[in-house]
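In what follows, a single structure is set out as structure tokens and then discussed.
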Amino acid sequence: VIMGLLFAGEYILECDSAREMVSHGISKPTQHFTSIFNTFVLMTLFNEFNARKIHGQRNIFSGLFSNWIFLIIWITTAVLQVIIVEFGGFAFSTHNLDLDQWMWCLFFGIGELVWGQLVICVPDVIIPECKRKRKPAEVAEEEEEEEDDIEAEPSGTPSEEEE
């Protein structure tokens, strides 16, 4: 998405090409680069909902209102992002965005929620064995085997039985 915005963003977002401006030596904040930055942050923000649930759980919003710290951090980050984009100016190298550009950024950001659901749909048989999630029983068995291996190795000092 970010690469697409970098190379085709001026057409999608209907703004001046920041790449052309940079190639001509003009280095001022642009709507094009600000949209890329804003899309990246919004995609990260919405991916935080996906990251709340692991192990293939589909309902990423369950228990959302019982985690007040998460909500406070998420809302604060979203508000700060709006302030930085709209009023950051030269200090943050941003240019305020039009409503259409904000909607595109939100569209791509919310797309992370859809992407998270698609990733959950990938069956485990497609994933190589070395990348698969292991079941807790398999992890416990491996830990026991490692402990047995450690006990079987000579430590260099005689044990009480050997003396």
Side-chain angles (χ1 to χ4, degrees), residues 1-136 138-140 143:
V1 171
I2 300 299
M3 288 292 282
L5 283 176
L6 179 62
F7 292 107
E10 62 265 21
Y11 307 111
I12 297 170
L13 304 167
E14 298 175 356
C15 60
D16 294 332
S17 173
R19 289 177 295 114
E20 279 185 31
M21 296 174 102
V22 170
S23 67
H24 288 74
I26 303 169
S27 63
K28 65 177 188 170
T30 62
Q31 287 181 323
H32 185 196
F33 282 163
T34 300
S35 296
I36 294 170
F37 164 68
N38 195 35
T39 299
F40 175 76
V41 172
L42 291 178
M43 288 173 72
T44 303
L45 269 175
F46 283 102
N47 193 48
E48 289 176 10
F49 288 111
N50 289 331
R52 289 182 65 247
K53 299 292 181 178
I54 54 176
H55 305 301
Q57 298 167 330
R58 287 220 173 262
N59 189 358
I60 58 175
F61 297 112
S62 69
L64 181 66
F65 294 108
S66 64
N67 191 347
W68 290 102
I69 293 173
F70 174 81
L71 286 175
I72 290 169
I73 291 171
W74 197 91
I75 291 169
T76 302
T77 307
V79 168
L80 287 174
Q81 179 63 17
V82 171
I83 292 170
I84 288 171
V85 168
E86 291 301 314
F87 306 108
F90 189 74
F92 289 98
S93 190
T94 60
H95 189 285
N96 57 335
L97 299 177
D98 300 337
L99 183 60
D100 290 343
Q101 293 163 341
W102 268 103
M103 290 299 117
W104 276 109
C105 294
L106 275 172
F107 171 74
F108 291 128
I110 292 170
E112 279 297 307
L113 300 177
V114 176
W115 179 251
Q117 294 299 310
L118 290 174
V119 168
I120 290 172
C121 292
V122 174
D124 286 345
V125 295
I126 294 175
I127 302 169
E129 184 70 34
C130 63
K131 302 288 183 183
R132 288 188 193 166
K133 293 181 279 187
R134 294 185 293 174
K135 296 179 178 112
E138 293 173 1
V139 174
E143 288 176 357

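Only a predicted model underlies this, so the values are computations on that prediction, with no experimental measurement involved.
Considering T76, T77, I83 in turn, I83 is the only one that fulfils the side chain to side chain contact (heavy atoms under 4.5 Å, CB included) rule with V79. When each of I110, V85, L42 is tested with C105 by the rule side chain to side chain contact (heavy atoms under 4.5 Å, CB included), just one qualifies, namely L42.
Other residues, nucleotides and ligands contribute at most 12 non-hydrogen atoms within 6.0 Å of the CD1 atom of I69. The 12-atom threshold is exceeded at CH2 of W74, counting heavy atoms of other residues, nucleotides or ligands nearer than 6.0 Å.
Contact detail for E86 and N96: the closest heavy-atom pair is OE1-CB, 3.2 Å. The two residues S62 and R52 make their nearest non-hydrogen contact at O-NH2, 3.4 Å. Across all their heavy atoms, S93 and P29 have their closest contact at C-CB, 3.7 Å. Residues G63 and S66 approach most closely at O-OG, 2.7 Å, considering heavy atoms.
Side chains of N59 and K53 form no contact here, defined as non-hydrogen atoms less than 4.5 Å apart. N47 places a side-chain heavy atom less than 4.5 Å from the side chain of N50. Using a 4.5 Å heavy-atom threshold, the side chains of F61 and L113 count as touching. Annotation: side chain of F40 is not in contact with side chain of F108 (no heavy-atom distance under 4.5 Å). In this structure, F49 and F70 have side chains that are in contact, with non-hydrogen atoms separated by less than 4.5 Å. The closest side-chain heavy-atom distance from M43 to V1 is below 4.5 Å. Residues W104 and T39 form no side-chain contact, since every pair of their non-hydrogen atoms from C-beta on lies 4.5 Å or further apart. Two residues are said to be in side-chain contact when any heavy atoms from C-beta on lie closer than 4.5 Å; W102 and N38 meet this criterion.
Atoms CD and CG, on Q81 and L45 in that order, are 7.0 Å from each other to the nearest 0.5 Å. With values rounded to the nearest 0.5 angstrom, L71 atom CG is found 4.5 Å from L64 atom CG. Once rounded to the nearest 0.5 Å, the distance linking CG of N67 with CD1 of I72 reads 9.5 Å. Here CE of M103 is found 11.5 Å from CG of D98. Values are rounded to the nearest 0.5 Å.
Counting only distance, with no hydrogens or angles, the side chain of H95 and the backbone of S35 share no donor-acceptor pair below 3.5 Å.
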